[in-house]
There are 2 protein chains.
Amino acid sequence: MDMPNALAAFDALGQPSRLTVFRLLVQTGGAGLAAGDIATRLDMKPNTLSTHLGILESAGLIAAQRQGRSIRYFAQMEGLRGLMAWMLQDCCGGNPDACAPLLDMITQKG
Amino acid sequence: MDMPNALAAFDALGQPSRLTVFRLLVQTGGAGLAAGDIATRLDMKPNTLSTHLGILESAGLIAAQRQGRSIRYFAQMEGLRGLMAWMLQDCCGGNPDACAPLLDMITQKG
DNA sequence: TCGATATTTCCCGAATTATGGATATGCCAA
DNA sequence: TTGGCATATCCATAATTCGGGAAATATCGA
């Protein structure tokens with residue numbers, strides 16, 4: 001994870017439709033969801049959703065896998081982990097004190 | 001932390017200038033920096049910077065404190081912590097399995 | 001009060017982004 | 001091969017965002 005990558009991830013999640021899609025995929029878990037199912041559940045047009053899925057995918061936050069006619073999307077927890085780890089490491093690298101309590105509270109599930 | 005709040009935070013950090021400012025403030029730590037110092041260090045126009053500072057502040061990621069003529073800005077680690085905790089809790093609430101490894105790796109500092 | 005400094009607010013033009021209709025592509029079943 | 005389904009791409013429009021010039025506000029020293 002580097003700055004452009006983190007930027008892409010934050011930018012991807014900083015949009016209502018995309019954050020909603022990502023949350024849905026995380027909560028859905030390993031089974032993932034077909035694009036059409038996402039569109040139905042969130043009441044989005046397929047083409048608009050497709051654009052958002054592409055942005056989330058290129059940010060490394062979700063992954064796609066074709067299954068027959070449909071394309072199934074999965075949350076990439078590794079992407080989220082990388083983003084958080086980068087914030088903790090890179091941002092706090094010069095100031096570990098600020099991050100110690102942050103780490104503690106996160107591990108206590110805040 | 002709720003969805004609109006998280007959205008504001010992600011949106012605030014998903015912009016190059018703002019992510020740079022935030023990183024600078026986190027790395028600077030408790031002393032904080034005056035707006036003018038930030039502008040000088042990052043070579044930004046004062047008015048443009050002011051807008052970005054306002055967005056970061058309203059997202060709860062930084063705080064301001066007037067000191068004489070200048071206004072000193074500080075990273076709000078609590079805001080960052082809240083954002084991360086929300087992602088872990090709210091997103092993963094319906095799917096704790098996905099978050100367990102994520103938590104583990106974060107606490108190992110990735 | 002006056003002038004200087006620090007920052008914000010107002011405002012505009014340029015650039016970017018979001019949305020969705022129309023169309024194209026990939027895939028499967030008959 | 002044909003038809004239909006699932007999704008993506010192309011394209012245009014509307015909305016939003018970004019950067020910065022100009023002016024306003026707040027503070028301090030003389």
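Bear in mind the structure is a predicted one, so any value in this text is a computation, not a measurement. Below, chain A is the first sequence line, B the second, and so on; all start at residue 1.
At a threshold of 4.0 angstrom between heavy atoms, the contacts of A:Ala34 are confined to the sugar-phosphate backbone, with no base atom among them.
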Practice item. Evaluate the side chain to side chain contact (heavy atoms under 4.5 Å, CB included) criterion for residues B:Leu7 and A:Gln15: first the C-alpha distance (whole Å), next the side-chain angles of each, then the deciding distance (0.1 Å), finally the verdict. Key: CA-CA 7 Å; B:Leu7 207 40; A:Gln15 204 280 340; 5.6 Å; no
Practice item. Assess whether side chain to side chain contact (heavy atoms under 4.5 Å, CB included) is satisfied between B:Ile71 and B:Leu53, documenting all intermediate values. Key: CA-CA 11 Å; B:Ile71 298 181; B:Leu53 288 170; over 6 Å; no
Point to revise | Derivation of the side chain to side chain contact (heavy atoms under 4.5 Å, CB included) call for B:Phe22 and B:Leu80 | key: CA-CA 10 Å; B:Phe22 183 69; B:Leu80 184 59; 4.2 Å; yes
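Nucleotides of DNA chain C lying under 4.0 Å from heavy atoms of chain B occupy a range whose first and last members, 5' to 3', are C:dA4 to C:dT9.
The shortest distance between side-chain heavy atoms of B:Leu56 and B:Leu13 falls below 4.5 Å. Using a 4.5 Å heavy-atom cutoff, the side chains of B:Met77 and B:Val26 are in contact. Residues B:Ser17 and B:Thr48 have side chains not in contact (no heavy-atom distance under 4.5 Å, counting atoms from C-beta outward). For the pair A:Met87/A:Phe10, a side-chain contact is recorded, criterion being any heavy-atom separation below 4.5 Å from C-beta on.
Residues A:Arg66 and B:Arg69 both approach DNA chain C. Their nearest nucleotides, taken by heavy-atom distance, put B:Arg69 toward the 5′ side.
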Give every pair of a protein N or O atom and an N or O atom of nucleotides 12-14 of chain D that lie under 3.5 Å apart, one pair per line with the distance.
none

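Between B:Arg18 and the phosphate of D:dC18, there is a side-chain N or O to OP1/OP2 separation shorter than 4.0 Å. Listed pair B:His52 / D:dG19 meets the phosphate criterion, a side-chain N or O lying under 4.0 Å from OP1 or OP2. Residue B:Thr51 places no side-chain N or O under 4.0 Å from the OP1 or OP2 atom of D:dG19.
B:Gln65 has its CD atom 19 Å from the P atom of D:dA26, to the nearest Å.
Listed by residue number, B:Pro46, B:Asn47 are the residues of residues 42-49 of chain B with a heavy-atom contact under 4.0 Å to DNA chain C.
When all heavy atoms of A:Tyr73 and A:Ala64 are compared, the pair lying nearest together is CE2-CB, 3.4 Å.
Defined by atom type and a distance below 3.5 Å, a donor-acceptor pair is present between the side-chain atoms of A:Gln67 and A:Arg72.
More than 12 heavy atoms of other residues, nucleotides or ligands sit less than 6.0 Å from atom CG of A:Asp2.
Looking at B:Arg18, its side chain never comes within 3.5 Å of a backbone N or O of B:Leu49 through a donor-acceptor pair.
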